[in-house]
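Shown next, in structure tokens, is the structure this report addresses.
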Amino acid sequence: MSDDFIIDDENLDLLEEELDEDELSIDTVGLPRPFPILPRKLSASGLYKASNRLIKLPIKSKFAEQSSDEFENEIGFVPGKKLPWGFLKEDLRLDVDGRYPQMQASGTIRTNFFTSVDWIARLKATRSPNTWIGNIWFKDGPANAMRHTRVRIKVKRSWFPHQRQLIAKFYGGGAPTRVRHFNFKSAYFHPVEFEYDRVSDVPAADATTSVATCAHPNRPATIACENLSLETVYRRAGFNVKKSGGDSSIPVDDAGANTTWSDAEMHDAMQAYWSRFANKAQWSMWVMFARQHDNGNGLGGVMFDDIGPNHRQGTAIFSDSFISQAPAGDANPAAWVDRMRFWTAAHEMGHGFNLAHSWQKSLGAPYGSPWLPALADEPEARSFMNYPYNVSGGETSFFSDFEYRFSDNELVFMRHAPSRFVQMGNADWFDNHGFEQSIPDQSSVFNLELRTNKANSVFEFLEMINLELKLTNISGQTRLIENAVLQEYENMTIVIKRDGMPARQWLPFAHYCRNKNMSAIDHGQSLYDSILLSAGKNGWDIAEPGNYTVQAMMTIDDEIIMSNALKLRVGTPRTDNEEICAQDLFNKDVGQVLTYGGSQYLAKANHALEEVIVRLPNSNAARHAQIALALPKLRNFKSLNITADAPDLFTALENKKAAIGVTKSDSAVKKTLDTLLVKEGNAAAETLGHICYKQHMDTYSKYLADSDTAAAAKTQQTCKKTLMARNVPEWVFANDAYAGGSASAKGGKKKTEKA
Amino acid sequence: MTYPLTVDFRDGFYNDTIVVVVDEVEVYRQENVTTRTMTGLAGSTEILLDSGKHMLRINLSEKEVSTSISIDINSPLYLGLEYIPQKGLENKLQGEPFKYM
Ligand SMILES: [Zn+2]
């Protein structure tokens with residue numbers, strides 16, 4: 001985060017004088033005729049998206065020679081190579097009118113794959129109509145990105161949303177002035193959806209999602225009397241709230257015999273009953289109405305979800321707790337209970353938006369980090385995020401002055417902080433230094449899915465990670481596509497980001513030149529492939545214990561396809577042997593051996609793998625190592641004799657400094673492969689992934705078929721049985737050559753059926 | 001006659017070892033106590049005390065912080081403890097349970 005918190009309001013008027021009004025001219029608003037009777041002033045606030053329209057500056061302007069293109073050079077990019085498709089998406093949120101205006105503008109500029117810049121400016125109206133100006137006080141992105149320090153914004157209001165427009169001019173900081181044109185997209189700053197699920201032992205009337213604001217006599221005299229819903233509270237906070245539509249009932253049995261809920265039980269229930277559950281960041285939240293937490297009557301509700309890789313997706317409200325017990329002598333106990341239940345639901349949902357309690361705003365390490373370094377606590381705030389009984393005068397004082405809203409600072413955070421801080425499932429609870437995952441415009445032609453076939457994608461330390469890629473035609477029509485498109489890395493970029501570390505681009509050991517065979521892929525059909533993600537030409541990209549995010553981007557026929565952001569976790573070493581093995585294993589040659597299979601001339605790499613087999617006999621790493629060393633021995637192994645001056649196999653291949661030698665096959669490895677792939681097939685499929693396991697089993701079957709077709713058939717049958725037990729569809733085995741599958745049944749499309 | 005004293009460890013704890021001593025007798029020891037920021041509660045314990053006056057001492061081993069509290073108990077009581085850097089352990093004694101959300 002930048003430290004440029006420069007606020008010098010006294011300079012703003014002066015700056016305004018310096019700007020020529022013509023530089024931000026917008027055509028006169030085309031209001032419909034006859035002019036409608038205006039019920040209220042047209043608001044300008046909301047979300048705007050940049051258009052690709054270039055703004056021509058007047059010739060006389062001192063900024064005339066500068067264009068938006070120059071700005072792209074100021075933004076950093078992923079280390080490695082520059083991405084081939086420089087594209088730029090830009091949002092702007094204007095917050096100057098409507099409910100609780102904060103007089104802020106904020107924006108997100110995405111220049112490429114993983115690079116984005118977020119900025120926020122505090123605005124002041126100018127003497128020109130519909131025009132605001134302000135200093136940029138917050139920036140978050142690569143160092144030196146976006147040097148501008150000021151922004152001037154002018155809007156064109158219209159009764160018709162598609163006619164609403166905005167021009168922003170960024171200047172100051174010694175950077176070339178940049179002018180950008182935006183179109184209005186929404187009166188809200190972000191979307192969000194809620195799902196309310198109720199446990200079977202909670203009466204429907206106790207699952208409060210709305211409140212009559214004047215039902216209780218202790219309230220502000222000026223408050224509007226209305227029936228207020230949780231959705232409206234969050235709409236007023238700036239969110240386009242929708243219901244998921246999956247509100248359902250949760251059996252109380254899921255709480256165990258005690259019928260009260262632990263955080264883990266609630267997390268399990270969320271996975272089982274939330275219609276939107278996914279291990280990913282999304283603007284979606286699950287709200288559970290339960291009877292009681294294991295902690296008892298004293299816990300009114302909790303945002304329980306700091307569990308697993310995606311936090312803040314689920315909250316719970318407990319009806320059998322103090323929030324349902326009005327104080328003795330209260331003037332309207334039923335209204336008190338309704339209000340307290342409603343307040344608690346809004347409070348817990350606020351935690352889902354990463355809002356801390358009012359007295360915790362400045363709380364940093366070791367718990368997490370405030371999103372702004374100088375954020376002040378608000379112990380007296382009349383906010384959903386304060387404890388009513390903690391303020392001076394207690395709960396009575398709190399509600400006499402409470403207007404069912406969040407504090408201004410909380411609204412600025414929810415509306416304008418980088419969305420990864422706020423979005424559910426993105427930055428960890430209390431951690432504002434997360435990692436952007438949402439890419440706005442997805443391809444409507446292809447869907448690219450990354451997966452590992454491992455539950456929760458949790459890997460042992462040293463375990464090699466095979467990443468599976470699934471490319472699906474979602475265009476609604478048949479498309480022609482290269483068969484090997486998933487193996488041609490010229491068109492694909494895979495980026496790996498360890499939490500707290502810069503992103504790294506995964507580079508394959510070699511690029512292949514393949515014949516461009518095309519296949520017709522029907523709507524809904526997919527292509528699959530698998531790569532060893534752990535290591536590449538850059539070395540071991542995934543080695544250290546920790547959380548990683550992997551995302552891929554590819555281009556097909558000028559279509560940009562973003563994959564899901566796959567979260568992985570690498571466990572910590574549990575034994576000294578693991579640490580000893582790591583010293584030799586994390587070596588580029590070992591990565592090559594694992595990628596291409598064992599090489600008899602990379603002795604050191606082979607030795608490192610043999611050491612893993614000996615020292616860590618029951619580990620998944622040993623399983624990978626044994627297979628990588630054994631498979632090449634099935635054939636008369638053609639190996640490359642590397643000349644002395646070639647530093648490694650890859651360089652030798654590139655420089656042709658290698659001679660081909662032939663080594664005899666080693667049939668003794670059959671026993672090893674029988675154990676690893678056949679007897680322990682399920683464990684192999686688990687760590688290798690289904691695609692890689694199938695490939696290995698096909699290779700092994702082919703070897704067996706030379707001398708024993710019955711053994712080959714049995715091996716393919718085992719493969720089919722193992723993978724079908726893991727929910728792999730039967731069509732995958734249609735082309736199995738030895739197991740009795742019909743080779744012609746799906747001729748040429750074995751990789752492309754629906755799965 | 002005995003009454004329960006419920007001690008809540010609230011804000012400010014992080015991997016602390018908490019020791020509670022009542023009238024020179026250690027009655028509670030817990031390691032790795034950390035506040036859950038979403039509720040402001042780190043942990044809780046209930047101690048049964050004979051009615052009358054008692055002296056409590058609470059130690060945080062890692063922070064080398066301690067505080068002594070004199071209590072006169074004649075009904076169930078609830079003691080909230082909070083660690084504030086630069087101030088140390090602050091306490092609040094009340095007759096009703098603390099509430100969390
Ligand atoms: Zn809370």
Side-chain angles (χ1 to χ4, degrees), chain A residues 263 293 295-307 311-312 314-318 321-323 325 327-328 340-341 343-352 354-368 370 377 384-390 394-395 428-431, chain B residues 3-18 20 28 30-48 60-65 75-101:
Chain A
D263 291 351
H293 189 272
N295 283 11
N297 187 72
L299 189 61
V302 67
M303 192 288 289
F304 59 81
D305 189 11
D306 59 350
I307 301 168
H311 291 187
R312 301 185 289 103
T315 65
I317 294 92
F318 305 110
S321 72
F322 71 91
I323 65 171
Q325 295 149 9
M340 202 61 215
R341 286 175 177 161
W343 184 96
T344 304
H347 172 94
E348 302 307 341
M349 292 163 78
H351 286 319
N354 216 357
L355 291 176
H357 293 119
S358 301
W359 68 92
Q360 296 171 327
K361 301 297 185 189
S362 64
L363 195 57
Y367 302 100
D377 292 336
F384 278 116
M385 299 319 294
N386 210 356
Y387 277 7
Y389 34 80
N390 274 6
E395 175 240 317
D428 280 357
W429 162 244
F430 238 77
D431 176 8
Chain B
Y3 294 100
L5 171 72
T6 305
V7 186
D8 280 8
F9 307 104
R10 292 155 61 86
D11 287 300
F13 296 94
Y14 194 84
N15 283 342
D16 285 306
T17 300
I18 299 180
V20 181
Y28 175 82
Q30 185 69 46
E31 294 178 354
N32 297 318
V33 177
T34 295
T35 302
R36 293 200 81 201
T37 45
M38 59 269 281
T39 53
L41 179 64
S44 189
T45 185
E46 189 180 278
I47 303 163
L48 283 177
L60 304 185
S61 312
E62 287 82 2
K63 292 189 170 83
E64 296 182 349
V65 166
S75 61
L77 283 179
Y78 300 86
L79 176 67
L81 288 161
E82 182 180 352
Y83 174 75
I84 302 173
Q86 282 94 46
K87 281 190 179 175
L89 275 169
E90 303 266 301
N91 71 80
K92 186 178 178 188
L93 189 66
Q94 61 186 43
E96 60 180 49
F98 289 94
K99 301 160 183 172
Y100 302 93
M101 289 170 289

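These values consider heavy atoms only, across backbone and side chains, with no hydrogens, waters or symmetry-generated copies. Every chain is numbered from 1 and lettered A, B, ... according to where its sequence line falls, protein lines coming before strand lines.
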Spacing of CZ belonging to B/Phe98 relative to OH belonging to A/Tyr389, to within rounding of 0.5 Å = 10.5 Å
Could you please spell out the steps behind the side chain to side chain contact (heavy atoms under 4.5 Å, CB included) verdict for B/Lys99 and A/Asn390?
-> CA-CA 10 Å; B/Lys99 301 160 183 172; A/Asn390 274 6; over 6 Å; no
Go through A/Ile323, A/Ile317, A/Asp263, A/Asn297 and name the one with the most non-hydrogen pairs under 4.5 angstrom from chain B.
-> A/Asp263
Could you look at B/Ser44 and say if it's the side chain, the backbone, both or neither that has a heavy atom under 4.5 Å from chain A?
-> neither
Counting only heavy atoms not in B/Gln94, do more than 12 fall under 6.0 Å of its CD?
-> yes
Let me know if B/Tyr14 has heavy atoms under 4.5 Å from chain A in its side chain, its backbone, both or neither.
-> both
Grab the two heavy atoms, one from B/Thr39 and one from A/Tyr387, that are nearest each other, plus how far apart they are.
-> O-OH, 2.8 Å
Pairwise side-chain contact, A/Asn295 with B/Leu41, heavy-atom cut-off 4.5 Å (strictly under) | yes
Over all heavy atoms of both residues, which pair between A/Trp429 and B/Thr37 is shortest? Give the atoms and the distance, please.
-> NE1-OG1, 2.8 Å
Output the distance between atom OH (B/Tyr100) and atom CZ (A/Phe318), rounded to the nearest 0.5 Å.
-> 15.0 Å
What closest approach, in Å, do A/His357 and B/Gly40 show between heavy atoms, and which atom pair accounts for it?
-> CE1-N, 4.3 Å
Intermediate values then yes/no, side chain to side chain contact (heavy atoms under 4.5 Å, CB included), B/Met38 and A/Phe304 | CA-CA 8 Å; B/Met38 59 269 281; A/Phe304 59 81; over 6 Å; no
Measure distances from A/Met385 to the heavy atoms of chain B and classify the residue's part below 4.5 Å as side chain, backbone, both or neither.
-> neither
Counting heavy-atom pairs under 4.5 Å with chain B, the top scorer among A/Gly301, A/Gly300, A/Pro366, A/Ser321 is A/Pro366
Chain A: which of B/Asn15, B/Thr35, B/Thr34 shares the most heavy-atom pairs with it under 4.5 Å?
-> B/Thr35
Take atom CD in B/Glu46; do more than 12 heavy atoms of anything else shown fall under 6.0 Å from it?
-> yes
Spatial distance of atom CE (B/Met101) from atom CZ (A/Phe384) [nearest 0.5 Å] | 12.0 Å
